[in-house]
*Asks:* 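Dumping the structure here so I can ask a few things about it.
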Amino acid sequence: MVGDGHRTTGTPLRAAREDMGVPPGVWKGKGLSAVGLAAGDTVGERQAELLLGEGRHPDADRIDRELLAQGESPARARRATVLGRPIEHNASPKTQKAKERTPWLAMDLVFRPPPTAHIAWALTDDGTRLVLESCQDVARDKTLAWLEGSVAQIRWGSDGKHRKPIRDGLIVAVFRHYESRAAESKPLLHDHAVISIRARRPDGTWGNLSADTVLAHIVAADCLYTLLFMEEVSARLGWAWEPREVAPGRRPVMEIAGIDRRLIGWQSTRRQQIEAALSVLTDQYEKRQGHLPGEKVGYALACQAADQTRPPKRTELLSLTELRTRWRASAIRAFGACTVYRLAQRARAAAAAVWARVRPVVDIVLAAVDTVAVVYVMRGAFKRHHLLAEARRYLSYVLRGRPHEPGLDERIVQMVVDDFTRPVGRGLAVTADLRALYPRDTDDQAVLRPLTRNRMLPLYARARRAAGALSARVQAVRRSERPGSRARPHTVAVPGASRSGPRLSRTDRKAGRGQEQQQETDVAALEQTLSTIEAVSLMAVSLQDGLRERDVAHRLRQRPAPATPAPSHTPPPGVQPAPGLPPSGGLT
């Protein structure tokens with residue numbers, strides 16, 4: 001509640017917050033009405049102590065006084081303020097495994113933008129800083145709304161076997177912090193969303209959230225938050241995004257285009273400390289076991305490296321204005337004033353180059369094939385939330401900050417589940433259906449095996465190769481077939497469109513064949529129209545080129561060539577002129 005600062009005994013919370021320069025926490029979530037709170041209210045110290053520390057009503061003191069005045073016993077008055085089961089139940093000798101249980105009353109979810117967003121937030125002007133903070137608010141609130149509306153479940157019964165959606169919503173306390181725990185203070189805009197584990201069942205009684213359900217969807221929530229934050233930044237500031245490879249063969253990270261990459265190293269000193277300690281731990285593990293650590297072991301070693309290198313908390317008291325002044329001076333000393341003061345200008349110029357070469361249109365079939373290939377290679381057997389996370393990553397890579405059609409990620413996942421997967425085992429897990437990916441060429445169904453079993457490549461690099469092979473296969477089939485004879489029409493989703501395109505189904509599915517024929521006719525007509533437009537455009541370009549050549553020849557006959565070459569047009573940094581057209585413009 002006071003950032004990473006120290007709060008001495010007897011110091012009021014408001015005074016400690018002001019000394020550390022952090023804003024007060026606020027309540028979020030639709031479940032606040034059940035306890036008499038409203039979204040946007042300031043988180044009080046006693047409220048947090050009661051709800052997040054004891055699992056009781058945030059206004060339990062007043063309720064206790066009223067019940068005691070009515071003649072209730074202290075035990076009954078206290079029990080009336082407990083939301084669900086009291087934490088004293090865990091210490092009861094009658095409880096199974098009483099000594100092993102620890103009260104778990106909240107979950108801390110950290111919402112942190114990409115590194116270049118921290119840099120832009122710390123080094124640009126106050127107007128841009130406020131816009132980035134607003135983008136953070138919108139992306140965080142929408143992600144929390146998705147968690148409470150589509151993920152959160154309440155559990156009850158023996159071992160929590162009964163689970164249903166929660167009645168009202170979540171109760172969340174959000175605290176904003178500004179800096180990292182590095183030895184030298186560095187910018188790190190992030191929010192701690194402390195979710196109370198208490199929620200109401202459909203019948204109105206209180207119980208505990210299904211923590212494993214929420215934690216299973218954390219990666220999907222993270223991908224949704226990143227996608228929404230990118231869209232907000234692009235819509236409000238006009239910036240674009242591009243993937244950055246952190247390590248060879250690993251997943252890329254989306255960063256703001258045009259921001260000097262050297263500033264990432266300046267900002268990520270804490271990461272550099274962790275990576276240095278992680279390399280030592282990895283070498284020790286390889287010597288003991290004889291092989292490199294896998295994904296789970298690597299994550300455990302990274303957590304161990306973070307604990308070993310965790311510095312003590314900062315004791316110097318600085319406000320946000322003082323921190324921003326210090327950060328800007330540090331960046332100027334390291335990279336020069338031009339790098340810092342022209343940061344927003346270069347981001348806008350780079351965005352123009354990105355939008356000139358990237359077409360923000362999603363082909364749902366290719367998106368589904370890419371998603372199932374990556375998840376299949378990475379995991380083998382998987383569940384729906386794994387596909388949802390990868391589909392959102394795909395949208396962030398393709399759209400580069402452009403808005404996506406609402407529900408597009410769910411449509412991609414549903415197509416994967418319906419058309420490209422088959423059940424495996426007795427649980428809810430599925431795996432890729434290679435016969436659906438290769439419906440006619442059974443000899444080529446083993447194309448993924450040499451790609452997935454190449455141990456010389458990292459796992460994600462193998463997944464990208466498999467996705468590229470399958471996508472090339474789909475495009476080759478499309479080129480070889482005529483539009484009128486296509487049995488599986490592909491759907492294209494345009495960002496921001498109000499309509500939803502048709503979803504594919506299995507070719508052998510009997511129901512809905514009439515609708516599929518109508519879809520085929522629509523797609524054939526659309527492709528015929530596009531072909532006509534393309535042909536007309538090519539004719540217009542040829543005509544324009546002919547007129548330009550004739551005009552140039554006429555000028556050469558009228559006057560001699562100049563003795564010195566004329567200065568050529570220089571495009572902005574990062575902007576390349578379109579091939580076949582003059583740098584100053586032309587027919588497009």
Side-chain angles (χ1 to χ4, degrees), residues 110-120 132 135-136 138-147 189-190 217-247 250-259 261 264 347 350-351 353-355 357-375 378 384-413 415-416 460-461 463-464 467-468 471 492-497:
V110 183
F111 292 84
R112 184 178 65 179
T116 46
H118 309 316
I119 296 169
L132 290 173
C135 296
Q136 168 81 349
V138 172
R140 180 203 61 221
D141 293 345
K142 288 184 177 181
T143 304
L144 290 174
W146 175 76
L147 282 174
L189 175 66
H190 62 286
H217 290 76
I218 285 299
V219 178
D222 170 68
C223 297
L224 176 62
Y225 159 75
T226 303
L227 180 62
L228 295 174
F229 183 81
M230 291 169 53
E231 294 178 358
E232 291 294 327
V233 171
S234 298
R236 302 189 185 197
L237 295 175
W239 296 349
W241 298 77
E242 59 183 2
R244 175 176 67 92
E245 188 182 60
V246 179
R250 301 298 178 90
R251 291 185 184 276
V253 179
M254 300 303 295
E255 301 287 1
I256 300 174
I259 294 183
R261 298 293 176 86
I264 298 178
V354 171
W355 301 137
R357 71 175 187 270
V358 176
R359 186 186 180 193
V361 177
V362 180
D363 190 316
I364 298 183
V365 175
L366 293 180
V369 170
D370 189 282
T371 299
V372 69
V374 173
V375 178
M378 297 287 290
R384 187 182 182 89
H385 57 84
H386 299 126
L387 296 171
L388 189 59
E390 190 60 36
R392 289 167 176 172
R393 290 192 189 101
Y394 179 87
L395 293 177
S396 65
Y397 297 155
V398 172
L399 299 179
R400 307 292 182 91
R402 293 297 193 190
H404 71 283
E405 184 181 351
L408 181 58
D409 50 354
E410 295 286 352
R411 290 172 57 195
I412 295 173
V413 172
M415 176 177 293
V416 172
Y460 183 71
R464 291 309 320 162
S471 299
V492 176
V494 180

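Position 1 is the first residue of the sequence, and the numbers go up from there.
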*Asks:* Would Glu242 and Arg261 pass as an ion pair if we require N to O under 4.0 Å?
*Replies:*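 Arg261 and Glu242: salt-bridged.
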
*Asks:* Look up atom CD in Glu231 and atom SG in Cys135, then write down how far apart they are to the nearest 0.5 Å.
*Replies:*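 It comes to 11.0 Å.
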
*Asks:* Quick one: side chain to side chain contact (heavy atoms under 4.5 Å, CB included) partners of His386, sequence neighbours excluded?
*Replies:*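 Partners of His386 under the side chain to side chain contact (heavy atoms under 4.5 Å, CB included) test: Val375, Arg379, Phe382, Lys383.
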
*Asks:* What closest approach, in Å, do Val369 and Ser471 show between heavy atoms, and which atom pair accounts for it?
*Replies:*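 That closest heavy-atom pairing would be CG1-N, 4.1 Å.
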
*Asks:* I need the minimum non-hydrogen distance between Trp241 and Arg400, along with the two atoms involved.
*Replies:*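 Closest heavy-atom pair between Trp241 and Arg400: O-CD, 3.1 Å.
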
*Asks:* Which atoms form the tightest heavy-atom contact between Ala117 and Leu132, and what is the distance?
*Replies:*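 Looks like O-CD1, 4.0 Å.
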
*Asks:* Please check if the side chain of Gln136 supplies one atom and the backbone of Phe111 the other of a donor-acceptor pair under 3.5 Å.
*Replies:*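 Indeed, once roles are kept as given, a pair shorter than 3.5 Å links the two residues.
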
*Asks:* Can you tell me if CZ on Arg250 sees more than 12 non-hydrogen neighbours from other groups inside 6.0 Å?
*Replies:*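 No, because the 6.0 Å sphere around CZ of Arg250 holds 12 heavy atoms or fewer from other groups.
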
*Asks:* Can you list everything that forms a ring pair (Phe, Tyr, Trp, His ring centres under 6.0 Å) with Phe229? Sequence neighbours excluded, please.
*Replies:*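 Once residues adjacent in sequence are excluded, Phe229 has no partner under the ring pair (Phe, Tyr, Trp, His ring centres under 6.0 Å) criterion.
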
*Asks:* I need the Leu227 CG to Glu232 CD distance, nearest 0.5 Å.
*Replies:*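 CD of Glu232 is found 10.5 Å from CG of Leu227.
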
*Asks:* Salt bridge between Arg251 and Glu390, side-chain N to carboxylate O under 4.0 Å?
*Replies:*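 Judged by the 4.0 Å cut-off on N to carboxylate O distance, Arg251 and Glu390 do form a salt bridge.
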
*Asks:* Scan Asp141, Val138, Val233, Thr143 and name whichever one has a side-chain contact (heavy atoms from CB on, under 4.5 Å) with Leu228.
*Replies:*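 Among the candidates, only Thr143 passes.
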
*Asks:* How many angstroms lie between CG in Leu224 and NZ in Lys142, if you round to the nearest 0.5 Å?
*Replies:*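 Those atoms lie 9.5 Å apart.
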
*Asks:* Of the non-hydrogen atoms in Leu387 and Val372, which two are nearest, and what is the gap between them?
*Replies:*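 Taking every non-hydrogen atom into account, CD2-CA, 4.5 Å.
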
*Asks:* In plain terms, say whether Arg393 and Asp409 are close enough for a salt bridge, that is, a side-chain N and a carboxylate O under 4.0 Å apart.
*Replies:*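 Between Asp409 and Arg393 there is no salt bridge, as every charged N stays at least 4.0 Å from the carboxylate O atoms.
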
*Asks:* Using modelled atom types and a 3.5 Å cut-off, is there a donor and acceptor pairing between side-chain atoms of Arg392 and backbone atoms of Ala220?
*Replies:*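 Yes, because the side chain of Arg392 sits within donor-acceptor range (under 3.5 Å) of the backbone of Ala220.
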
*Asks:* Would you please test Glu410 and Arg384 for side chain to side chain contact (heavy atoms under 4.5 Å, CB included) and show each step?
*Replies:* CA-CA 10 Å; Glu410 295 286 352; Arg384 187 182 182 89; 3.2 Å; yes

*Asks:* Taking the side chain as every heavy atom from C-beta outward, state whether Arg244 and Pro252 have any atom pair closer than 4.5 Å.
*Replies:*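 The answer is no, as the side chains (C-beta and beyond) never meet within the 4.5 Å cut-off.
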
*Asks:* Let me confirm one number: the SG-NE2 distance from Cys223 to His217, rounded to the nearest 0.5 Å.
*Replies:*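 Output value for this atom pair is 12.5 Å.
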
*Asks:* Of all residues at least two apart in sequence or in a different chain, which pass the ring pair (Phe, Tyr, Trp, His ring centres under 6.0 Å) check with Tyr460?
*Replies:*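 Listed in chain order: nothing, the list is empty.
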
*Asks:* Keeping Thr116 on the side-chain end and Glu255 on the backbone end, is there a donor-acceptor pair under 3.5 Å?
*Replies:*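 No: the side chain of Thr116 does not pair with the backbone of Glu255.
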
*Asks:* Say you draw a straight line from NE2 of His404 to CG of Leu395; how long is it, rounded to the nearest 0.5 Å?
*Replies:*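 Separation between the atoms: 6.5 Å.
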
*Asks:* Grab the two heavy atoms, one from Tyr394 and one from Thr371, that are nearest each other, plus how far apart they are.
*Replies:*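 Residues Tyr394 and Thr371, closest heavy atoms: CB-OG1, 4.5 Å.
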
*Asks:* Rounded to the nearest 0.5 Å, what separation is found between the CE atom of Met415 and the CD1 atom of Ile364?
*Replies:*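 Taking CE in Met415 and CD1 in Ile364, the distance rounds to 5.5 Å.
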
*Asks:* For Leu147 and Ala221, which heavy atoms make the closest approach, and how far apart are they?
*Replies:*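 Shortest heavy-atom separation between Leu147 and Ala221 comes out as CD2-CB, 4.0 Å.
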
